[in-house]
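What follows is a short report on a single structure.
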Amino acid sequence: MIDPKLLRTAADEVASNLARRNFDFDAAGYKRLEEQRKSLQVDVETLRSERNASAKNIGKAKARGEDITPLLASVESLGSKLEEADKALAALQAEIRDVELGLPNLLHDDVPVGNDEEANKEVLRWGEPRKFDFEALDHVDIGAGLGSLDFDAAARISGSRFAVMQGSLARLQRALIQLMLDTHTAEHGYKEVYVPYLVQSEALFGTGQLPKFENDQFKTTDDPPFYLIPTAEVPVTNLVRDSITEAGELPLKYVAHTPCFRSEAGSYGRDTRGMIRQHQFEKVELVQMVEPGESDAALEALTGHAEAILQKLELPYRKVILCSGDIGFGSHKTYDLEVWLPGQKAYREISSCSNYGDFQARRMQARWRNPETGKPELLHTLNGSGVAAGRALVAVLENYQEKDGSVTVPDALWPYMAGQKKLSP
RNA sequence: GGAGAGGUGGCAGAGCGGUUGAAUGCACUGGUCUUGAAAACCAGCAAGGGUUAGUAGCCCUUCGUGGGUUCAAAUCCCACCCUCUCCGCCA
């Protein structure tokens, strides 16, 4: 959520920033609603003040043993008037809130303007895509050759966009997750957390998936419903919901491994082959809560932590800044890491690292105590995949495939593979 | 699943229809004392919103959440959520 004070005082500047996203913010309409709200709220508070004063007088009169009937008569009409005005105010406030919840975050100056991923700005490439002396297969064929990646079985159980993995391949994914968790906890200073995979709607409002992206979520039929987390970002970031963190405890750095569940509504026909885009996938997520002045630097560091995983696995990747048309709804600035997939002869997203500024913190009322003012102030939140395990598995299979159909285990995963250095058919 | 207890400020914990935004303690901040520190003592210390040039005043809201009773609710009534204890069951 954007600071309502900023919306009131600088609606036109906000509108022009959001225009870079091709988002049309009706600044004039917002101002109109705000003015109505202002005068209504003054009315309501004046009435309420009158009521409070009368009630106090009645109390005093009663204490003195006086007759209070004339006083009661004088406040008779106050109640209904107040109730009416209060209702109108509540309706107006809800309307304004809906507008505010629907506004995407302001963009960082670094974010390039553009309509789609074509306009994303590449900032670096790491590693050389390997030259194959045979026709490189994609992970679907490699997995089939190994006999351990089964989409048909998954389809019988759950339909499309699911996978079944067996044996060494299943273990390889677990090894990837282990490597990531160990690296982030031991080398990058993150605290490992285990969190719920089912959350209430409030948590999703806090991180910004709701109300706008209801259709992307899976939810249960309970009342109230549970939502399956689309990313660990949701439960982990909500750890600081409605809380005040002392300055000395910042930055908070959490890493969590969770499955992620996405309906993928609206992406019919995209990445239908293989396990690039699944309803369920494993991910290791990095989350930071930092002082507002630190978030730019924290984004660089956090992205570097995700890059370290790809470097350990010696997977070629490139790093891009998402442009205004491709960046997420709540993000202030986002780096995507795209790993080289020989089967597709393309770089594909494997991590997305974002600085949310105070956007999520405002929705969650997540604050820290600023020692300079002594007051609780909104902190900044960041998150990034460190990295998506399912896609990392795809990348390992495709980049480490051999002519005979086997797959070499990257050195970094040896400690987690019980001595197995090769996956063979 | 059965029985009971409880949800109040950063934390602990009183209050149980009117002067309580809320006693007290801890923590925190400032001061006195001290060579310095500790201790002791004194003082201050919730958040959100409105109005405003204002971090000044004034006003409104907030004692788990939502409804209700009342001129007036942290206090009474109803529903729901959550936590804790005991029993049962279970991974």
Side-chain angles (χ1 to χ4, degrees), chain A residues 1-10 30-97 99-101 194-206 220 222-227 235 238-250 252 289 291-292 358 360-379:
Chain A
M1 203 157 91
I2 296 174
D3 186 356
K5 278 204 179 100
L6 191 68
L7 291 173
R8 267 173 249 154
T9 55
Y30 183 81
K31 282 183 198 163
R32 219 175 305 123
L33 282 177
E34 256 303 310
E35 269 156 38
Q36 286 177 36
R37 189 221 88 234
K38 210 174 261 191
S39 74
L40 239 182
Q41 183 162 342
V42 171
D43 291 350
V44 167
E45 290 188 359
T46 307
L47 283 172
R48 205 172 267 144
S49 181
E50 278 174 40
R51 186 205 60 188
N52 290 350
S54 327
K56 212 167 256 185
N57 283 336
I58 292 169
K60 280 183 189 158
K62 211 176 168 186
R64 287 193 298 263
E66 294 169 10
D67 178 19
I68 59 169
T69 10
L71 286 170
L72 289 182
S74 74
V75 295
E76 216 184 320
S77 63
L78 257 181
S80 58
K81 262 204 245 167
L82 180 59
E83 198 176 335
E84 203 177 303
D86 216 5
K87 262 188 196 146
L89 178 63
L92 194 54
Q93 280 174 328
E95 191 178 345
I96 290 171
R97 190 170 168 76
V99 171
E100 289 171 349
L101 282 173
Y194 172 81
V195 291
Y197 303 159
L198 295 172
V199 299
Q200 302 281 338
S201 63
E202 287 74 18
L204 287 153
F205 269 98
T220 71
D222 298 79
D223 184 26
F226 286 109
Y227 288 81
N238 274 280
L239 286 174
V240 293
R241 171 188 202 85
D242 291 323
S243 72
I244 300 171
T245 308
E246 293 305 324
E249 293 174 37
L250 295 177
L252 296 172
M289 294 84 177
E291 294 179 17
D358 62 14
Q360 295 179 323
R362 182 168 294 107
R363 289 172 169 240
M364 293 189 300
Q365 278 305 299
R367 295 171 297 172
W368 69 299
R369 197 172 292 281
N370 184 344
E372 286 177 23
T373 60
K375 296 281 178 192
E377 296 174 11
L378 296 173
L379 42 73

Roughly how many Å is it from [atom1] in [X] to [atom2] in [N], rounded to a whole number?
X	N	atom1	atom2	value
A:Gln93	B:rG49	CD	P	12 Å
A:Gln200	B:rC82	CD	C1'	11 Å
A:Glu202	B:rG64	CD	C1'	13 Å
A:Lys5	B:rG50	NZ	P	6 Å
A:Ile244	B:rG9	CD1	P	11 Å
A:Asp242	B:rU65	CG	C1'	13 Å
A:Gln36	B:rG50	CD	P	16 Å
A:Ile96	B:rG48	CD1	P	20 Å

Take A:Gln200 and A:Phe226 through the side chain to side chain contact (heavy atoms under 4.5 Å, CB included) test and state the conclusion after the steps. CA-CA 5 Å; A:Gln200 302 281 338; A:Phe226 286 109; 3.5 Å; yes
With rounding to the closest Å, how many angstrom separate the [atom1] atoms on [N] and [M]?
N	M	atom1	value
B:rA27	B:rA12	C1'	10 Å
B:rC42	B:rA47	C1'	27 Å
B:rU20	B:rG15	C1'	8 Å
B:rC86	B:rU69	P	41 Å
B:rA43	B:rC58	C1'	25 Å
B:rG49	B:rU32	P	36 Å
B:rC77	B:rU24	P	29 Å
B:rC76	B:rU8	P	16 Å

A:Pro235 side chain near A:Tyr197 side chain, heavy-atom distance below 4.5 Å: no
Heavy-atom check, side chain of A:Glu50 versus side chain of A:Lys81, under 4.5 Å: no
From the options B:rG50, B:rC71, B:rG10, select the nucleotide whose nearest atom is closest to the side chain of A:Arg37.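 Looking only at side-chain atoms, A:Arg37 lies closest to B:rG50.
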Looking at the side chain of A:Ala55, which of B:rG10, B:rC71, B:rU61 is the nearest nucleotide? B:rC71
Closest heavy-atom contact between [X] and [Y]?
X	Y	answer
A:Leu379	A:Ala361	O-CB, 3.1 Å
A:Met1	A:Glu100	CG-O, 4.0 Å
A:Arg48	A:Asp86	NH2-OD2, 2.7 Å

So with a 6.0 Å cut-off around CD of A:Glu83, is the heavy-atom count from everything else above 12?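 No, the 6.0 Å shell around CD holds no more than 12 heavy atoms from other groups.
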Would you say that more than 12 heavy atoms from the other residues, nucleotides or ligands in this model lie under 6.0 Å from the CD of A:Glu84, or not?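 No, CD of A:Glu84 has 12 or fewer neighbouring heavy atoms, counting only those of other groups under 6.0 Å.
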Counting any heavy atom closer than 4.0 Å, what does A:Lys38 reach on the DNA or RNA strands: base, sugar-phosphate only, or nothing?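 Contact class for A:Lys38: sugar-phosphate only.
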Considering every strand and a 4.0 Å limit on heavy-atom distances, what is the contact class for A:Ser54: base, sugar-phosphate, or nothing?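 Counting heavy atoms under 4.0 Å across all strands, no contact is made by A:Ser54.
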For a quick test of reading the model: is some side-chain N or O of [X] closer than 4.0 Å to OP1 or OP2 of [N]?
X	N	result
A:Ser49	B:rC59	no
A:Arg51	B:rU70	no
A:Arg367	B:rG48	yes
A:Arg362	B:rG48	no

With a 3.5 Å limit on both atom pairs, tell me what [N] is paired to, counting Watson-Crick and G-U wobble, or say none.
N	answer
B:rA37	none
B:rG21	none
B:rC45	none
B:rC58	B:rG50
B:rC80	B:rG64
B:rA27	none
B:rG1	B:rC87

When you match A:Thr46 and A:Glu83 each to their closest nucleotide on RNA chain B, which lands nearer the 5' end? A:Thr46
Both A:Ile58 and A:Asn52 contact RNA chain B. Taking the nearest nucleotide for each, which residue is further toward the 5' end? A:Asn52
Could you tell me whether the side chain of A:Glu45 has a donor or acceptor atom within less than 3.5 Å of a complementary atom in the base of B:rG49?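 Yes, the side chain and the base share a sub-3.5 Å donor-acceptor pair.
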